[in-house]
**Student:** 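Structure below; questions to follow.
Lettering of chains follows the sequences in order, A, B, ..., and the numbering in each one begins at 1.
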Protein chains: 2
Amino acid sequence: MARHAGVSTTAVSKVLRNAYGTSPQMHRLVRAAVDQLGYRPSAAARALRGRTWTVGVMLPDVRNPFFADILDGVAEHLDGSEYQVLMTSGCNDAASEARVTEAMIDRSMDGLILIAPVSLPAHLERVARTVPTVVIGRHSRSARYDTVNDDDFTGAGLMVAHLAGLGHRRIAHIEHHETDRVRLAEMPNALRADGYRHAMLEHGLAAHIDIASTSYTRDGGHHGARILLDREHPPTAIFAGADVVALGVLDALAEAGLSVPGDISVTGYDNIALAGYRPISLTTVDQAGHRIGTTATQLLLDRIAEPGRPAVQVKLTPTPAVRATTGPPR
Amino acid sequence: MARHAGVSTTAVSKVLRNAYGTSPQMHRLVRAAVDQLGYRPSAAARALRGRTWTVGVMLPDVRNPFFADILDGVAEHLDGSEYQVLMTSGCNDAASEARVTEAMIDRSMDGLILIAPVSLPAHLERVARTVPTVVIGRHSRSARYDTVNDDDFTGAGLMVAHLAGLGHRRIAHIEHHETDRVRLAEMPNALRADGYRHAMLEHGLAAHIDIASTSYTRDGGHHGARILLDREHPPTAIFAGADVVALGVLDALAEAGLSVPGDISVTGYDNIALAGYRPISLTTVDQAGHRIGTTATQLLLDRIAEPGRPAVQVKLTPTPAVRATTGPPR
DNA sequence: ATGAAAGCGCTAACAG
DNA sequence: CTGTTAGCGCTTTCAT
């Protein structure tokens, strides 16, 4: 390759990286040779000395459409840059998360974006010590990694306020059951439940606080709705902690022969693309996944440029998306 | 590292790869040192000599849930193996596909799985010449790469037969518009349209063949339905070429105040997870995405082991999934 | 401004 | 069975 251009390998390396010390003449020679030979530098060899121009994105679940919005933001921000995004999916427990982060570190990626990880804080800390890292969806204050979050506490309040404003009093919530003490304070699901409790208090509805503890899945929503409907005084509105949960709730209500919002109102959280699909038209909280993605990416690039910089915690403000699954109570 | 274990670097390398020529004694020493130091081999350095233990999966769109089923199959088959899956998403045109395949080759991945690529055959051929490749969702006969497909021609016939069996005669189809001649014969969407035409002929419904040419998206479905409803003799059943298209159709029908399946029947193709969601309950064709994934993965591993082996074309048989969006015509 | 040379962390061929 | 040695394709001093 260098021989074909009639210059040294050093020259080629310099030109390709726009490094200091190259003449226009050299530039031309190298470019010509690159085009002719269709030369591509080996990322593997580069990795041994410098950058890989690769950022890794860890995704818990491809099926959750909310994450797709985040990915769009990441991709858009990196579009046109030299960086390539490589992702992994299907990490739903600490063990597989550890495996995946290790794998990304082994492949000397330049930076990592971890979306809604469930690992213990200590593990996130360890990862961030090794490679520039940005965490999405964990309300932790680390000195080593930046975080981008939606204000889940406020977001939950938005839904309670909306339902209370419609005249609902028996507003129930379906939360994701979390057992681990260390993680508890950091997880969005916990903050949503807290925000729900706090808002109920503020609206003078403390007596009607009612939480079903299942999981953030469609099945969890279905199950949660069944639990709530079996209460002595069933709720007139259900605030599901996530849109996928709300889908399960809607299913269970249809099964029980209840109309929405006639008999009972339903809200979700996330504003996944499907929530806006007309036959569903779910009232929910918009998390601006796209902006979460672009913000996280910018932070990552900053951190790659200056690994020791002080960590920042970005908290974005959610907005309500009112649609057709909520209305005044009977 | 080797010093800490009191052996040579070769020894370490051999033990870690379970290569020939290691004593149990050596094994123990190395293992102990690895555990103590938390040593991890650098994939980058490995790549320079041997394998990276990485397979790349190119995904056109994270939002299409059918692809998630394929990914599940891939992940399951590779679970427990040394391989790590890294994916890219958001390739919806030939240019970005080329960028992504290049990126994966640059990073010396051991093998590639390309899902529903739109690149020209020549490009696929070029990729496959460089790295072991399996292509999903392209009915091409290449000597260099293996393919895994669903029998789209037969699948389309399944839906026509189902609708005709219910008594429908004016059965319309919404296809994905394809212009490129070279690609045309290879694309699943084209085969579904062909299968539709052929089945209509077989059922003596040639006179009722009616195709709206839009795209495999929800908007495409919505638009296609509008076109078909404006016909002088609107269809009594719409066979959408993909489930996402059917979702758009259902939306347009609800908008037009038509009931399903009372006024009009709708079917999709793919059997995405959402199709089984009760409030939707879409009649569709099950492609067994999971099996497509495991099959493709096995073929890739075989091809990595023996790059020159003759290419195989696997064609899986689709099955109908009859749900609530189809019924007898008025 | 340019190129020679060392070395990143591994693997493979070979000698002991 | 074990260790020495020579690269893999780059980047990075450091002479020239």
**Student:** Nearest-Å distance, CH2 (W53(A)) to P (dT11(D))?
**Tutor:** 11 Å
**Student:** Which residues pass the side chain to side chain contact (heavy atoms under 4.5 Å, CB included) test with D35(B), sequence neighbours left out?
**Tutor:** none
**Student:** Rounded to whole Å, how long is the line connecting atom CD1 of I105(A) with atom P of dG9(C)?
**Tutor:** 16 Å
**Student:** Listing time: all N or O pairs from protein to nucleotides 10-12 of chain C that are below 3.5 Å?
**Tutor:**
from: dC10(C); atom 1: OP1; to: Y39(B); atom 2: OH; distance (Å): 2.5
from: dC10(C); atom 1: OP1; to: S42(B); atom 2: N; distance (Å): 3.1
from: dC10(C); atom 1: OP2; to: Y39(B); atom 2: OH; distance (Å): 3.3
from: dT11(C); atom 1: OP1; to: R46(B); atom 2: NE; distance (Å): 2.9
from: dT11(C); atom 1: OP2; to: S13(B); atom 2: OG; distance (Å): 2.6
from: dA12(C); atom 1: OP2; to: R17(B); atom 2: NH1; distance (Å): 2.7
from: dA12(C); atom 1: N6; to: T10(B); atom 2: OG1; distance (Å): 3.3

**Student:** Write out all pairs satisfying ring pair (Phe, Tyr, Trp, His ring centres under 6.0 Å) with one or both partners inside residues 53-89 of chain A, taking only residues at least two apart or from two chains.
**Tutor:** W53(A)-Y83(A)
**Student:** Kindly say whether G293(A) contributes a backbone atom to a donor-acceptor pair with the side chain of T297(A) at under 3.5 angstrom?
**Tutor:** yes
**Student:** Q25(A) CD to dG3(C) P: how many Å, rounded?
**Tutor:** 11 Å
**Student:** Considering residues at least two apart in sequence or located in another chain, which fulfil the salt bridge (Lys or Arg N to Asp or Glu O under 4.0 Å) criterion with R303(B)?
**Tutor:** D146(B)
**Student:** Starting at atom CZ of R28(A), determine the distance to atom P of dT2(C), rounded to an integer number of angstrom.
**Tutor:** 11 Å
**Student:** Over how many whole Å does the gap from D106(A) atom CG to dG9(C) atom P extend?
**Tutor:** 14 Å
**Student:** Counting only pairs under 3.5 Å, give me each side-chain donor-acceptor contact of residues 24-31 of chain A, with atom names and distances, residues two or more places apart or in other chains.
**Tutor:**
none

**Student:** Who are the side-chain hydrogen bond (donor to acceptor under 3.5 Å, both in side chains) partners of D72(B), not counting sequence neighbours?
**Tutor:** R63(A)
**Student:** Please name all residues satisfying salt bridge (Lys or Arg N to Asp or Glu O under 4.0 Å) with E97(B), sequence neighbours left out, ordered by chain then number.
**Tutor:** none
**Student:** Five pairs per end, C1' atoms only: what is the angle between the end axes of the helix from dA1(C)-dT16(D) to dG16(C)-dC1(D), to 10 degrees?
**Tutor:** 40°
**Student:** I need the full list of ring pair (Phe, Tyr, Trp, His ring centres under 6.0 Å) pairs touching residues 84-135 of chain A, with sequence neighbours left out, sorted by first then second residue.
**Tutor:** none
**Student:** Please pick, from dG3(C), dG9(C), dC1(D), the nucleotide with the shortest atom-to-atom distance to any side-chain atom of L48(A).
**Tutor:** dG9(C)
